[in-house]
Amino acid sequence: MKTLKDAKVGQTVVVAKVAGEGPVRRRIMDMGITKGVEILVRKVAPLGDPMELHLRGYELSVRKADAEMVELV
């Protein structure tokens with residue numbers, strides 16, 4: 001299963017589903033990462049964490065651990 005963590009810089013991906021449970025899943029969804037949303041991977045920090053994303057008209061930084069819970073189409 002391909003996740004957001006596997007996406008490369010400059011790649012646009014589409015969310016298939018958000019895995020996980022409870023407050024962590026809710027927090028990811030509250031940030032706007034929901035099924036069907038297109039996400040552009042803008043940058044990845046030199047050590048790989050966090051990732052800077054562009055979605056729904058704004059920039060968002062997420063940790064790799066959180067990005068791993070976002071499954072892609």
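Keep in mind that this is a model prediction, so the values were computed, not measured.
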Are the side chains of [Y] and [X] in contact, using a 4.5 Å heavy-atom criterion?
X     : Y     : answer
Val41 : Met51 : yes
Glu71 : Lys2  : no
Leu40 : Leu53 : no
Val14 : Val37 : no
Glu59 : His54 : yes
Ile28 : Val62 : no
Thr12 : Ile39 : no
Val15 : Thr34 : no

hydrophobic_cluster_shared for Val70 and Tyr58, side chain cutoff 4.5 Å: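 As far as the 4.5 Å side-chain criterion goes, Val70 and Tyr58 are connected within one cluster.
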Hydrophobic cluster membership, Val73 vs Val18, 4.5 Å side-chain cutoff: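 Different clusters: Val73 never reaches Val18 through Ile, Leu, Val, Met, Phe, Trp or Tyr contacts under 4.5 Å.
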Salt bridge Asp30-Arg27, side-chain N to carboxylate O under 4.0 Å: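 Salt bridge flag = no for Arg27 with Asp30.
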Atom [atom1] of [X] and atom [atom2] of [Y]: how far apart are they, to the nearest 0.5 Å?
X     : Y     : atom1 : atom2 : answer
Lys5  : Asp49 : NZ    : CG    : 9.0 Å
Leu60 : Asp66 : CG    : CG    : 9.5 Å
Lys17 : Arg25 : NZ    : CZ    : 8.0 Å
Lys43 : Glu52 : NZ    : CD    : 4.5 Å

Any donor-acceptor pair under 3.5 Å from Gln11 side chain to Lys8 backbone: yes
Ala16 to Leu72 - nearest heavy-atom pair and separation: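 Between these two residues, the closest heavy atoms are CB-C, 3.6 Å.
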